[in-house]
Amino acid sequence: MAVRKPGLIALFDVDGTLTAPRKEVTAKMLEFMQELHKVVTVGVVGGSDLSKITEQLGKTVINDYDYVFSENGLLAHKDGKLIGTQSLKSFLGEEKLKELINFTLHYIADLDIPIKRGTFIEFRSGMINVSPIGRNCSQEEREEFEKYDKVHNIRPKMVSVLREKFAHLNLTFSIGGQISFDVFPQGWDKTYCLRYLNEFNDIHFFGDKTYKGGNDHEIFESEQTIGHTVTSPEDTMNQCKALFFSNP
């Protein structure tokens, strides 16, 4: 019978780590995570809000994992119960928030890219998500924009402009997924969730965007974590098998 390793947690990014970008989790991954849950404490941390994480990982996600951190941990659940929440609006104030949103929308309006759709800014409780193409794009349009962005650096250039314009607000601009980037106060990256994990001596974090500027970078580099870069859900499973099932 499997016995859980005390003081150890395996913490996972969602997009590109447990699922293909913006796709639903596979039955194979769900089965694997259930087996992993028998030997270690398991948590997920995503930049998306809880509704999007639920779309990808299932309606029972907050009960399937020991910890579920949405919006980088600004909304935190443990054993299915809400244990913490934080608000961007209360932190910045309405005027500074409006200044940021107005400038961002003007920038997108002047941006010349092949197509634009709708929902260029999505307001979440702890951050805003900015998408130059618009989050209402289709999956095909999403994938085409990702290819276009890799050549023309639309998101990196936009982030550079915003970072300089709003340096006085001490914000972090974090590129993630295929079509957007997140904006939140410094320190509200994925390391925010670590404040809820003080009981663990070993925190293994798995993410795909661990490079500088990626939304997994800060938690990957944190002194509190043991970081693992993955390239796909299949790679995630293989690395976990080697770490948690092969060793005595």
Side-chain angles (χ1 to χ4, degrees), residues 13-15 22 45-53 68-77 82-113 116-137 145 149 152-196 207 209-222 224:
D13 167 52
V14 181
D15 262 10
R22 290 303 300 142
V45 53
S48 298
D49 58 30
L50 185 58
S51 65
K52 288 186 175 60
I53 291 176
V68 176
F69 302 112
S70 50
E71 300 187 43
N72 293 347
L74 299 175
L75 195 66
H77 287 84
L82 181 66
I83 58 173
T85 183
Q86 181 61 275
S87 166
L88 177 63
K89 180 180 176 181
S90 63
F91 183 86
L92 281 183
E94 197 66 66
E95 287 304 311
K96 291 179 181 177
L97 186 59
K98 185 170 67 175
E99 178 189 4
L100 172 63
I101 290 174
N102 285 347
F103 183 89
T104 302
L105 287 173
H106 278 293
Y107 183 98
I108 293 174
D110 294 333
L111 190 61
D112 185 18
I113 57 177
K116 292 179 183 177
R117 294 299 180 250
T119 311
F120 302 103
I121 291 181
E122 184 175 80
F123 188 82
R124 302 171 182 172
S125 63
M127 66 179 72
I128 62 171
N129 177 267
V130 179
S131 175
I133 184 178
R135 298 194 64 89
N136 289 353
C137 62
F145 176 82
D149 188 43
H152 298 280
N153 295 311
I154 300 301
R155 288 183 293 174
K157 289 176 182 177
M158 187 174 180
V159 162
S160 180
V161 171
L162 291 173
R163 185 177 285 126
E164 181 177 356
K165 172 68 176 178
F166 295 99
H168 61 292
L169 296 184
N170 296 317
L171 298 172
T172 293
F173 299 84
S174 183
I175 297 173
Q178 297 172 293
I179 62 169
S180 65
F181 59 89
D182 296 325
V183 184
F184 46 84
Q186 289 182 11
W188 287 22
D189 51 65
K190 287 183 178 176
T191 60
Y192 191 93
C193 75
L194 298 178
R195 65 188 61 201
Y196 298 106
K209 289 184 169 57
T210 57
Y211 50 82
K212 189 172 183 178
N215 64 356
D216 296 324
H217 178 72
E218 291 84 2
I219 191 169
F220 175 81
E221 290 287 331
S222 172
Q224 294 178 253

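Starting from 1, each residue takes its place in the sequence as its number.
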Next item on the list: In sequence, state the C-alpha distance, the side-chain angles, and the governing distance for Glu71 and Ser48, and then conclude on side chain to side chain donor-acceptor pair (under 3.5 Å).
Entry: CA-CA 5 Å; Glu71 300 187 43; Ser48 298; over 6 Å; no

Margin query: side-chain contact (heavy atoms from CB on, under 4.5 Å), that's the test. Do Phe173 and Ser160 meet it? Break it down for me.
Written below: CA-CA 9 Å; Phe173 299 84; Ser160 180; over 6 Å; no

Checklist line | Residues Trp188, Met127; criterion side-chain contact (heavy atoms from CB on, under 4.5 Å); working and verdict | finding: CA-CA 9 Å; Trp188 287 22; Met127 66 179 72; over 6 Å; no

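Proximity of Phe123 to Leu97: side-chain heavy atoms (C-beta onward) are separated by under 4.5 Å at one or more points. Side-chain contact between Asp15 and Lys209 is absent, with no heavy-atom pair separated by less than 4.5 Å.
Judged purely by distance below 3.5 Å, without hydrogens or angles, the side chains of Asn136 and Thr119 pair a donor atom with an acceptor atom. Side-chain N/O atoms of Asp182 and Asn129 include a donor and acceptor closer than 3.5 Å.
By the 4.0 Å N-to-carboxylate-O rule, Lys52 lies close enough to Glu122 to be salt-bridged with it. By the 4.0 Å N-to-carboxylate-O rule, Glu94 lies close enough to Lys89 to be salt-bridged with it.
The aromatic rings of Phe103 and Phe166 stand perpendicular to each other, their planes meeting at an angle above 60°, with 30° marking the opposite boundary.
The neighbour count for His168 NE2, taken as heavy atoms of other residues, nucleotides or ligands under 6.0 Å away, is above 12.
Residue pairs meeting the salt bridge (charged side-chain N to carboxylate O under 4.0 Å, His left out) criterion with at least one member in residues 99-112: none, sequence neighbours excluded.
Asn215 places no side-chain N or O within 3.5 Å of a backbone atom of Ser174 that could act as its donor or acceptor partner. Put simply, the side chain of Ser222 never gets that close to the backbone of Glu218: no donor and acceptor are under 3.5 Å apart. Between the Asn72 side chain and the Leu74 main chain, no donor and acceptor come within less than 3.5 Å of each other. Distance alone, capped at 3.5 Å, is enough to place a donor-acceptor pair between the Ser131 side chain and the Ile179 backbone. Judged purely by atom type and a 3.5 angstrom limit, Thr210 has no side-chain atom pairing as donor or acceptor with the backbone of Gly207.
Residues that satisfy the ring-ring contact (aromatic ring centres under 6.0 Å, His included) test with Tyr211, not counting sequence neighbours, are absent from this structure.
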